[in-house]
Amino acid sequence: MTVIKASNLTKTYNPDKIPVRALRGVDLAIEKGEFTAIVGPSGSGKTTLLNIIGGLDRPTAGEVEVGGKDISQLSDNQLIDFRKDNIGFVFQSYNLIPVLTAKENVEFVMVLQNRPKAERDKRAESLLTAVGIAEKMDKRPSELSGGQQQRVAVARALASKPAFILADEPTANLDSESTAGLLDMMATMNKEENITFVFSTHDQRVIDRARRVVTLVDGKIVSDERR
Amino acid sequence: MLFQIAWRNIWRNKVRSLVVIGSVLIGVWSILFIVAFSSAMVGGYVKNAIQNETSHYQLHHPNFVEDKDVKFNIDNPAAVLAKVSETKSVKAATLRTVVNGMVRSSRGARGIIIRGIDPAQESLVTGFDSKLIEGKYFTEGRKNEIIISQKIAEKLKLKLRKKVVLQFQDLNKDIVAGAFRIVGIYKTGNTIFDESMVAVKRMDLNELMAKEGIAHEVAVLLDKKEDLVPTGNALKVSFPNLLVENYREISPETQLYESQIDISATIFTTIFMLALIFGIINTMLMAVLERNRELGMLMAVGMNKGKVFTMIVLETLLLGIIAAPIGLFLGWATIQYFGGQGIDLGAFSASMEQFGLSTKIYTELSTKYYWSLAISVLITALLGSLYPAWKAIGLRPVEAIRKI
Ligand SMILES: Nc1ncnc2c1ncn2[C@@H]1O[C@H](COP(=O)(O)OP(=O)(O)O)[C@@H](O)[C@H]1O
Ligand SMILES: [Mg+2]
């Protein structure tokens with residue numbers, strides 16, 4: 001089953017001044033259960049691509065279908081709602097609300113979805129257990145290490161039961177031990193729960209863990225290998 | 001959870017929030033005090049005027065007010081008084097004979113208003129007996145006693161037990177005169193009033209005029225000022241042939257002063273609210289800009305614009321909701337304290353007395369004003385939060401997040 005289908009995406013920043021062509025005709029289909037790395041040098045368009053398939057930004061031309069739905073026609077507020085129910089995000093940093101505890105952060109998206117308290121409690125606890133920081137549940141982000149924060153971010157991203165998780169350089173700020181730990185956790189989730197991950201990186205150790213590697217150079221896909 | 005987030009967000013930058021809370025608190029506190037002080041000062045004047053001078057209502061022959069001719073007296077005053085006294089909310093009423101005349105001593109003469117009063121009733125209405133600073137009140141059965149003010153005593157170099165001559169035109173336009181003995185000296189605190197009024201018994205004055213039982217004025221004191229309008233309407237219905245006037249109509253400056261209370265309260269409040277709104281906009285804008293990335297992240301993960309907007313508005317309102325009650329309480333406590341204790345304006349008393357202002361100010365403030373100030377603060381906080389909240393929802397998540 002195809003969860004994301006991007007066709008002939010182009011993105012040009014500053015079309016009126018000095019145009020930057022960040023994407024130049026990208027076609028990409030992501031299947032359910034894939035564990036995909038988008039790789040490429042800095043400035044190759046990884047973030048731009050993830051933002052567009054995540055409904056955070058609009059392409060200059062081309063189409064994005066998520067779960068069979070064309071999201072290019074949605075208004076800003078419709079997009080917010082769409083993201084809330086369909087896409088899990090993990091950013092490089094600033095993933096969490098600083099005034100909420102780990103558990104409250106995970107609950108937060110479920111609050112936005114109006115899920116009942118009992119369900120939120122149960123799910124937040126089981127997700128935090130799954131990402132391996134159950135004992136830090138009541139800590140605020142500032143009391144957690146970078147790796148622990150990213151684990152909470154993954155739990156938060158999963159909480160809304162999204163179709164897939166987009167992670168833009170999730171390990172960029174982590175040391176190698178935390179990087180390995182986070183990837184182990186993500187790989188386990190992928191294998192055991194069949195959760196679809198798409199993440200960008202330029203870290204070779206992370207690339208080695210991916211089962212599909214899409215390489216971008218200058219806004220074009222230059223290779224796409226499954227292994 | 002939105003509320004919880006908003007509440008905790010306030011305490012992220014404790015110093016800044018405390019500065020806002022502190023300024024709202026101090027602002028509310030001081031504004032209450034200023035308004036209470038100025039309205040007590042002015043309200044005191046109005047109270048004094050009602051107590052000493054005008055009462056709540058006066059009834060006259062319709063022409064008397066224009067032309068203080070003795071012939072414009074009230075028909076059958078005893079019956080009028082009886083009916084007035086029975087009217088609802090009337091606490092006390094009294095009759096007066098009022099003539100313009102001269103008071104003459106061996107040292108000189110002055111134009112004066114002579115009030116012929118019924119001593120017992122008069123003290124119920126104006127408490128005139130309590131204004132005596134020397135001598136005593138009228139004694140029943142004694143003829144031709146007079147009470148003059150300290151001011152006139154000074155001007156005419158008069159003392160207790162001295163004799164003065166009162167002179168005026170009677171009903172036939174003949175000049176009549178009578179000798180009166182000073183039994184008391186009064187002082188109301190309003191110099192202008194004191195300089196113009198002497199009091200004798202109405203019976204004595206009527207006798208000089210050779211007309212028994214006449215009266216020009218009915219002064220009416222009510223249970224409370226709130227009854228003013230209904231009672232006035234009732235009196236007007238009962239006495240269609242008399243002119244019924246309340247203290248504001250009798251003494252227009254009381255009305256001016258009363259409206260001054262509201263105007264100055266409004267001005268103070270408006271200035272404060274303007275300062276407050278700019279303070280709030282500034283603070284909340286800073287809070288929004290600082291949290292740019294976080295707000296972008298929230299919108300990225302599905303917090304819609306309405307919720308983001310509400311969160312910022314809530315944060316602002318909470319600052320007001322914390323500050324306002326404390327400020328209101330401190331203001332109330334201060335007003336209560338000085339309401340009992342009074343603030344002595346000794347240094348300015350001489351000049352203030354001249355205008356009938358009390359020299360000791362007992363602060364008080366109507367509940368209505370506390371409420372309106374509380375509501376104004378909240379509305380101002382709400383208005384002040386709109387622009388920052390609007391800025392927050394204008395953020396584009398991609399741009400906010402790109403900086404991450
Ligand atoms: N908002 C923007 N305005 C102008 N240029 C941009 C903007 N965002 C990204 N770019 C440019 O687009 C290109 C792709 O950027 P990006 O997608 O961030 O690449 P990557 O994530 O692979 O480093 C870069 O040349 C970058 O400078
Ligand atoms: Mg990038």
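None of the values given here were measured: they were computed from a predicted structure. Here is how names work: the chains are called A, B, and so on, in the same order as the sequence lines, proteins then strands, and each is numbered from 1.
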Would you say [atom1] of [X] has more than 12 non-hydrogen atoms from neighbouring residues, nucleotides or ligands within 6.0 angstrom?
| X | atom1 | answer |
| --- | --- | --- |
| R24(A) | CZ | yes |
| I18(A) | CD1 | no |
| E364(B) | CD | no |
| K122(A) | NZ | no |
| K117(A) | NZ | yes |
| Y337(B) | OH | no |

Below 4.5 Å from any heavy atom of chain B, which atoms of [X] appear? Answer side chain, backbone, both or neither.
| X | result |
| --- | --- |
| R140(A) | side chain |
| S142(A) | neither |
| F108(A) | both |
| I87(A) | neither |
| D76(A) | side chain |

So do the side chains of R293(B) and Y94(A) get within less than 4.5 Å of each other, counting heavy atoms only?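 Yes, their side chains come closer than 4.5 Å.
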Which atom pair, heavy atoms only, marks the closest approach of [X] to [Y]?
| X | Y | answer |
| --- | --- | --- |
| I97(A) | L298(B) | CD1-CD2, 3.3 Å |
| E104(A) | M1(B) | O-CE, 3.6 Å |
| A300(B) | F91(A) | CB-CZ, 3.7 Å |
| L56(A) | P397(B) | CD2-CB, 4.0 Å |
| V109(A) | V301(B) | CG1-O, 3.8 Å |

I need the [X] [atom1] to [Y] [atom2] distance, nearest 0.5 Å.
| X | Y | atom1 | atom2 | result |
| --- | --- | --- | --- | --- |
| L79(A) | M299(B) | CG | CE | 13.0 Å |
| Q4(B) | L100(A) | CD | CG | 7.0 Å |
| L50(A) | I401(B) | CG | CD1 | 11.5 Å |

When only heavy atoms count and the cut-off is under 4.5 Å, which of residues 304-315 of chain B reach chain A?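 When heavy atoms of chain A are the reference, residues 304-315 of chain B contributes N304(B), K305(B), K307(B) within the under-4.5 Å range.
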Salt bridge or not between R396(B) and D57(A)? Use side-chain N to carboxylate O under 4.0 Å.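 Looking at D57(A) together with R396(B), the answer is yes, because their closest N to O distance falls below 4.0 Å.
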